[in-house]
Amino acid sequence: MSKFIFSFENGDGKNKQLLGGKGANLCEMKKIGLPVPDGFTITTEACTAYYTNGEKLGDAMEGEVFEYIHALEAKMDKTFGSTEDPLLVSVRSGAAISMPGMMDTVLNLGLNDDAVIGLARLTDNERFAYDCYRRFIQMFSDVVLEIQKFHFDRVLEKMKKDRGAEKDIDLTAEDLKELVSLFKDIVQKQTKKPFPQEPKVQLLMAIEAVFRSWNNNRAIIYRNLNNIPHDIGTAVNVQSMVFGNMGDTSGTGVAFTRNPSTGENKVFGEFLMNAQGEDVVAGIRTPQPVLELEKVMPDVYKEFMSTLETLEHHYLDMQDVEFTIERNKLYFLQTRTGKRTAMAAMKIAVDMVNDGIISKEEAIMRVDPKQIDALLHPTFDEVALEEATLISKGLPASPGAASGRVYFHSEDVVAQKEKGVQTILVRTETSPEDIEGMIAAEGIVTARGGMTSHAAVVARGMGKCCVAGCGDVRVDEVNKVFYVYGQPYNEGDFISVDGNTGSIYEGQLNTREVELSGDFGVFMSWADEIRTLGIRTNADNPRDAKQAVEFGAEGIGLCRTEHMFFDENRIGIVREMIVSQSTEEREEALAKLLPFQKEDFIGIFEVMQERPVTIRLLDPPLHEFLPHLDEDIQKLSEEMKIDFKELKQTIEELKEFNPMLGHRGCRLAITYPEIYEMQARAIFEAVAHVVKEDKFIPALEVMIPLVGHEKELSLLRELVAQTAVEVLGENDVTLDYKIGTMIEVPRAALIADTIATHADFFSFGTNDLTQMTLGFSRDDAGKFIGEYVQKEVFARDPFESIDINGVGRLMKMAKELGRSVKPDLKLGICGEHGGEPSSIEFCHELGFNYVSCSPYRVPIARLAAAQAAIRTK
Ligand code: ADP
Ligand code: MG
Ligand code: MG
């Protein structure tokens, strides 16, 4: 027969799967000798059994429950339902993973018309006894009998009014007696049955209610949202009661061993005298700061503080505890690892290492890489936030905090910026035309669009705060005003945008700036000591490169040369180049582009100095640069002095059905070698410039994209190398540089050994590699990927986290083939996955040299790489 129950003395405090988090920690506290009221835990396996048994507890389980109740009675020297000295218990749910939405706790179970007399006599306090009884009926009716709370609240409020009582504690024993009787009438009326008087029946009903609550709607939704399995069940804790409501020497409270918002090493919490259960959080009276317990009960305070220290040293982490004092005697009712802000997480980890409590490795494992993001962006001052007036709430699309004047058009934002005015760009939604405004604004708000809308994606890329999809906001761009339920906000009004929470506020709020030194700096330096994987960044311009270096990037893993083409001064020349009808014409246009590209590369080299810089030659399909609206085509035809019709036709001809699989990447250069030749010339002229002017030697890596056949690479390698010889020769400069390729077409992975003979490095372009391996279009898969994840076809979106069993296999194979011919072949990754912790771990396991990610993900990657190193040790 399987065992369904463990007493707190005998339960394995490490086994949260079986006992639930609350139960396991009660056992653990008992084991280390802390004052915990006795009781027992009914396991999560019992919950599963309840469901397989057709939602019945069954005789065996019921028998076991009563066995443990008898043992508890003997231990406490109290009896269930006794008129002398009744045993009262609490019934508390507790799953392995803490889960709001499940059953609330029932306190004072075991009371009935007889036992309440016993309790009154024993404590010589009739008022207290009936207060417990009326609370019990209320809680039991709510959570077990599922009678709506308002029936009881109404009667209680009426009684208080009739008696002229302001608070619950102003009611007399006689009042409470009457209340109990009125409450029992409600139960009779609502359930057509009397309030259950038999404690054993009460207990079984409460246990069943906890099991049932595992599958209530709230709980199911919560599990879906948080990827918690549905079949692990919840445990039930039955614990003898201690009473914080026994008068002025009793009380109850909650505390953290350190401050959970700042991390300061100072106990933080609240307590309330003469109160029970969740009175503290329910706000029926104003609680006192927990440190004031010293004045009220100095001895209890001393024991309390030293117990908190014991707990922290035992769990080696900040704890969140619930406690009760019954007539000067302290009890602990719960402990768990305390939730904390990113800032607190970092400070606590650093302090604990400095105090010798945990090792650097443990500290590194403590902080969730995802949390780091919050530290890299400014936040609003907490005090300022408390007093701020909320305008509306949308999606926290891109973290950060900013205040500024409202403007509705990109040009206006740019014009204000030139005058030094800080602005917030507010639009129904953004589009690529708003780019300049988005760059110039301090923050962005949109009324429409989700977490992957244009505004959200672009803002995250720029590290700019953005709130998207504010449903209550109606934007009237023409009249330059937005409304929230009729309230207008005009151009020029100040608002504040919190991209961490999705809130927007009236007026200007103070922000707290990013602090990259201090605890953060110390913590990240430990991560750097531990990790073996290099961390680079994807950066296309000096600004991003500089930001990434500040965040700790050791090089550039991907510099996309085409992003520079969109600039106002250049796009015309780019278009000229594309619609050229002959090689001569094209070369002419390319010659005009060359100085711009050269300038860009000089800027990037100057930021990166001797750190490696991987420059990728032109990659996207050419039509991306062309106008599609007739009026724009008209304009271009005038500029280029080409006939409109002819131009339109050229543009039509460049259109592709499937551009991502079209004429792009190295394929362009196979047809138009002069494009890569110009880019190579610009790169090596830039090198020559910095070598001569700035006196440093850049670590250049030239990368050829979209290679699938070794011949593509060998031809283009030859072209680049040839250009290098010429340009470096002209300038009398020597340079050791690398030429490598992206591995993003599956064929390249399949023949990686042959490819490797022409490559000094591989950089896995996992966005395209995923797209082509799965045959999922990157631009369209968003529509169905959600369903795939929901139906668990993929555990996670493969564009977000590497599909290890598919795409990952190709990567592994390419690595093995590549290194079989070139053991020191340099390997990296430059897809979006390069900033995603589990993909980073995979790259670490494959023995890559580096990962490359966007600047704001660099610190996340540094930490994830350190965690991977620790995990695979
Ligand atoms: P939650 O998971 O919602 O915090 P708990 O099971 O911890 O619920 O119960 C809530 C509160 O009820 C506890 O913080 C404590 O104040 C009170 N409580 C629970 N069990 C007992 C008990 N045996 N004696 C006294 N108070 C209790
Ligand atoms: Mg609760
Ligand atoms: Mg609790």
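Residue numbers count from 1 along this sequence. All heavy atoms count here, side chains included; hydrogens, waters and symmetry mates do not. Counting starts at 1 for both ligands and their atoms, in listed order.
Neither the backbone nor the side chain of V89 comes within 4.0 Å of ligand 1, counting heavy atoms alone. Of the heavy atoms in S93, none comes closer than 4.0 Å to ligand 1. At a heavy-atom cutoff of 4.0 Å, ligand 1 is contacted by both the backbone and the side chain of V242.
In this structure, K329 is positioned above the aromatic face of Y331, its NZ or CZ under 6.0 Å from the six-membered ring centre and within 45° of the axis. Cation-pi contact between K200 and F66: present, with separation from the ring centre below 6.0 Å and deviation from the ring axis of at most 45°.
Among the atoms of Q334, an N, O or S atom falls under 2.8 Å from the Mg ion (ligand 3).
A side-chain N or O of N224 and one of H230 form a donor-acceptor pair less than 3.5 Å apart.
In this structure, G39 does not count as a contact residue of ligand 1, since none of its heavy atoms falls inside 4.0 Å of the ligand. Note on ligand 1: K22 sits in its first shell, one or more heavy atoms being nearer than 4.0 Å.
At a 3.5 angstrom cut-off on N or O pairs, P37 does not count as close to ligand 1. Checking only distances, E322 does come within under 3.5 Å of ligand 1, N or O to N or O.
Each of T257, T335, T307 was compared with E312 under the side-chain hydrogen bond (donor to acceptor under 3.5 Å, both in side chains) criterion, and only T257 meets it.
Heavy-atom contacts of Q239 reach the following atoms of ligand 1: 20 (N), 23 (N) (cutoff under 4.0 Å).
E270 is linked by a side chain to side chain contact (heavy atoms under 4.5 Å, CB included) to V280, P287, counting only residues two or more places apart in sequence or in another chain.
Proximity annotation for atom 8 (O) of ligand 1: of T105, N108, L88, D38, T105 comes nearest, heavy atoms only.
Between K160 and D175, none of the side-chain N atoms (NZ, or NE/NH1/NH2) sits under 4.0 Å from a carboxylate O, so this pair counts as no salt bridge.
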Q: Evaluate the salt bridge (charged side-chain N to carboxylate O under 4.0 Å, His left out) criterion for residues K78 and E84: first the C-alpha distance (whole Å), next the side-chain angles of each, then the deciding distance (0.1 Å), finally the verdict.
A: CA-CA 8 Å; K78 290 171 187 284; E84 303 290 321; over 6 Å; no

